[in-house]
There are 2 protein chains.
Amino acid sequence: MKEGPDIAQIGALIGDPARANMLAALTGGRALTATELAAAGGITLQTASSHLSKLEGGGLLAQRKQGRHRYFTLADEAVARLIESMMGLAASRGHLRHQPGPKDPALRKARICYDHLAGDYGVRMLDSLVASGSIDAIGDGLAVTTKGESDLQCIGIDIGSLKSSRRPLCRSCLDWSERRAHLAGSLGKALLASFMEKGWARRIPESRSVVFSPEGDRQFLKLFPLQS
Amino acid sequence: MKEGPDIAQIGALIGDPARANMLAALTGGRALTATELAAAGGITLQTASSHLSKLEGGGLLAQRKQGRHRYFTLADEAVARLIESMMGLAASRGHLRHQPGPKDPALRKARICYDHLAGDYGVRMLDSLVASGSIDAIGDGLAVTTKGESDLQCIGIDIGSLKSSRRPLCRSCLDWSERRAHLAGSLGKALLASFMEKGWARRIPESRSVVFSPEGDRQFLKLFPLQS
DNA sequence: TTCATAGTTCGATCGTAACCGAAGCATCTC
DNA sequence: GAGATGCTTCGGTTACGATCGAACTATGAA
């Protein structure tokens, strides 16, 4: 019976609501302080401190001290993907905690997932890249084509330099709101970064939401047309 | 803060050691009765009954009644993949529960993962299929080539009929012992089934282990040579 | 029918862990 | 230095849930 790794420890770490909320907040990709995470978890600083040390001890979080602040992030992309896939499963089983509010539609439209774009816009972007032949999709796998390489170069993404990083260029990531794949990996990160750099989109503080400016919206929709 | 699906519920379900052991036992792919799962979890039948109804209520398990038995399985492949990916993460963080025993090496060599082959042999099989050009690998994605289609036909796997099922033909599944991908999906299932049908391999009761006969071992190694 | 086996429900116990107040460090500012 | 801010540690309370014994229901066998 006692075969293999112990998933109960990790499950228990994620299984506490306060910790789950903190982890979900960190899925936003930003490094957060203990105080911010305490707020995200809806608990006091003392309690958060104890939770955070447990999460770190369990290998789910990484921290770096900076002056008198202590910044926490998810330990690595593997953790982010686990959290995201649990969200997908939770959504498909109807485990929801959101009370539908004004903020919710915005979140479904575009949000941060670790470091790339998710939601309707994230899914649309990947669909469009695949339809235009910039990205090849085989099952769950994604690869940039030579056509995509030059197309992306035109909008300021240098595939060559991205390739040199150890992180995979493309990854598909299951979107919990759309239930379809969006683009992760270093390319997904670079694309979102370029949108923000161009002023097309910006992040809403304290939230995973990403909002597009009217002009950015127009450009985005033109760049990634819907084909059906 | 209250954005998106609630991962805490699922985490908490997996987070109890007894439940985690039951889920891990079900990763073996077989449908198990409440009594068997109680043994797997190391608890009494009453306690198991309560756990099982929670797991079912949470959407992680499916059950079917058959006479006076009640058979439980993982709800679907998504759950199996979550469990397996948590095992991968747990292994990489050093959350182990196995006391190294004589059974352990066998488990690392070949075992069941839901319904396909995992462990050293599972990884080797996929590597060999990719190296021989039977399967194309792009990132995490896998696809059978036309060459692969005819090669597999020769060993009695009919890709055409597998394609008609709704389940994906190929999937990569991260192996927790090898830390590399092995072949899942309906093709992975069909391959393992054919090995067992030919008498090359058989399952060990009450375990995830798969043992190969001397002849089966020879055939398997010949069929999927190591290229390095 | 009677008996055995599979499983659920109830009730009570018990342990663990989440929680916060208060006090203690550590780091920055003035 | 003094004071403020960020965070941790300690101690004690509380609540939830895992556990099992016992009683109950359901299915199958004799």
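Note that the structure is a prediction, hence the values are computed from the model and not measured. Within every chain, numbering begins at 1; the chains are lettered A, B, ... in the order of the sequence lines, protein sequences first and strands thereafter. Excluded from the calculations below are hydrogen atoms, water molecules and symmetry mates; all remaining heavy atoms, backbone and side chain alike, are included.
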Rounded distance (Å) that lies between atom [atom2] of [N] and atom [atom1] of [X]:
| X | N | atom1 | atom2 | answer |
| --- | --- | --- | --- | --- |
| B:Glu36 | C:dT5 | CD | C1' | 14 Å |
| A:Asp16 | C:dT16 | CG | P | 17 Å |
| A:Gln9 | C:dA17 | CD | C1' | 15 Å |
| B:Leu55 | D:dG17 | CG | C1' | 14 Å |
| A:Leu52 | D:dC7 | CG | C1' | 10 Å |
| B:Tyr71 | C:dA6 | OH | P | 10 Å |
| B:Ile14 | D:dG17 | CD1 | P | 17 Å |
| B:Leu45 | D:dC20 | CG | C1' | 11 Å |

Measuring to OP1 and OP2 of [N], would you say a side-chain N or O of [X] lies under 4.0 angstrom away?
| X | N | answer |
| --- | --- | --- |
| B:Arg70 | D:dA26 | no |
| A:Arg68 | C:dC25 | no |
| B:His51 | D:dT19 | yes |
| A:Thr35 | D:dG6 | no |
| B:Lys54 | D:dG17 | no |
| A:Lys65 | D:dC7 | no |

Test side-chain contact (heavy atoms from CB on, under 4.5 Å) applied to A:Asp115 and A:Glu77, A:Lys189, A:Arg30, the passing residue: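 Single side-chain contact (heavy atoms from CB on, under 4.5 Å) partner of A:Asp115 among A:Glu77, A:Lys189, A:Arg30: A:Lys189.
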Candidate list A:Met87, A:Met86, A:Arg93, test side-chain contact (heavy atoms from CB on, under 4.5 Å), partner B:Pro5, passing option: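 The residue from A:Met87, A:Met86, A:Arg93 that satisfies side-chain contact (heavy atoms from CB on, under 4.5 Å) with B:Pro5 turns out to be A:Met87.
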Nucleotide nearest B:Ile43 when distance is taken to its side chain, options C:dC19, D:dC20, D:dG6: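 Side chain of B:Ile43 sits closest to D:dC20.
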Nearest listed nucleotide, side chain of A:Ser49, among C:dT27, D:dT8, C:dA18: D:dT8
Sugar-phosphate only, base, or nothing, as touched by A:Thr33 at under 4.0 Å among non-hydrogen atoms: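 Touches sugar-phosphate only.
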Touch class at under 4.0 angstrom, heavy-atom based, for A:Thr47 against every strand present: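 Base contact.
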For B:Ser165, all residues meeting side-chain hydrogen bond (donor to acceptor under 3.5 Å, both in side chains), sequence neighbours excluded: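 B:Ser165: no side-chain hydrogen bond (donor to acceptor under 3.5 Å, both in side chains) contacts found.
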Lys/Arg cation over aromatic B:Trp176: B:Arg111, 6.0 Å, 45° cone: yes
N/O donor-acceptor pair, side chain B:Gln46 with base D:dG21, under 3.5 angstrom: yes
More than 12 heavy atoms from other groups under 6.0 Å of CZ on A:Arg167: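 Yes - once you tally the heavy atoms of other residues, nucleotides and ligands closer than 6.0 Å, there are more than 12.
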